[in-house]
Amino acid sequence: MILETALLTVGPGQGPAFERAMTEAQPLIAATPGFLGLELRPCLEAPDRYLLLVRWERLEDHTEGFRGSGRYARWKALLHHFYDPFPVVEHYGAPVVSTPAPCG
């Protein structure tokens, strides 16, 4: 499993509109073979910042499958105008250190 991460900063006060646009855009990415799930988390310290986490089976499912699809153009139209600055997107492999949650 590959974990895609992006720290998304949106324009001041645009959070609610961005969240609605992400809800509309979500089916576009979910239709991609190899897509395993998506989370959008708001930052508690900075109201205009979000963490996007997307799980993929393989790196190419994102870089070639989704970004090479016609659905990506619609994704860009819905979301990219919110970002200031444009985010850095990175991909991570399996954990090298992991601690399970305590029981009880």
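Counting from 1, the numbers follow the sequence of the chain as shown.
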#### Entry: Any pair counted as side-chain hydrogen bond (donor to acceptor under 3.5 Å, both in side chains), so long as it reaches residues 21-31, sequence neighbours left out
E24-R74

### Query
Would you call the rings of F18 and Y50 parallel, tilted or perpendicular, where under 30° means parallel and over 60° means perpendicular?
tilted

### Query
side chain to side chain contact (heavy atoms under 4.5 Å, CB included) with A31: which residues, sequence neighbours excluded?
R71

### Task
Go through the steps for L79 and L8 under the test side-chain contact (heavy atoms from CB on, under 4.5 Å), then give the verdict.
CA-CA 10 Å; L79 299 171; L8 308 174; over 6 Å; no

### Query
Under the side-chain hydrogen bond (donor to acceptor under 3.5 Å, both in side chains) rule, what pairs show up with a residue in residues 91-104, not counting sequence neighbours?
H62-H91, E90-Y92

### Criterion side-chain contact (heavy atoms from CB on, under 4.5 Å) on D48 and F82, from CA distance to verdict
CA-CA 10 Å; D48 297 320; F82 285 104; over 6 Å; no

Compile the donor-acceptor pairs under 3.5 Å between side chains in residues 37-44 and protein atoms, sequence neighbours left out, one pair per line.
{"from": "E39", "atom 1": "OE1", "to": "R41", "atom 2": "NE", "distance (Å)": "2.7"}
{"from": "E39", "atom 1": "OE1", "to": "R41", "atom 2": "NH2", "distance (Å)": "2.8"}

#### Entry: Any E57 side-chain heavy atom under 4.5 Å of L36 side chain
yes

#### Entry: Hydrophobic cluster identity match, L7 and F86, side-chain contacts under 4.5 Å
no

### Message
Please say yes or no: joined through hydrophobic side-chain contacts below 4.5 Å, possibly via intermediate residues, are M22 and V89 part of one cluster?
### Response
no

#### Entry: Trace of the side-chain contact (heavy atoms from CB on, under 4.5 Å) decision for D61 with F35
CA-CA 7 Å; D61 294 330; F35 172 84; over 6 Å; no

#### Entry: Verify same cluster id: L51, L3 (apolar side-chain graph, 4.5 Å)
yes

### Task
Check the pair W56, T32 against side-chain contact (heavy atoms from CB on, under 4.5 Å), reporting the backbone distance first and the verdict last.
CA-CA 10 Å; W56 298 99; T32 306; 3.8 Å; yes

### Message
Apply the hydrophobic cluster definition, ILVMFWY joined by side-chain contacts under 4.5 Å directly or through others, and give me every member besides V96.
### Response
V97

### Task
Apply side chain to side chain contact (heavy atoms under 4.5 Å, CB included) to R20 and list each qualifying residue two or more places apart in sequence or on a separate chain.
P16, A17

### Message
Could you see if V88 belongs to whatever hydrophobic cluster contains L59? Use Ile, Leu, Val, Met, Phe, Trp, Tyr and a side-chain cutoff under 4.5 Å.
### Response
no

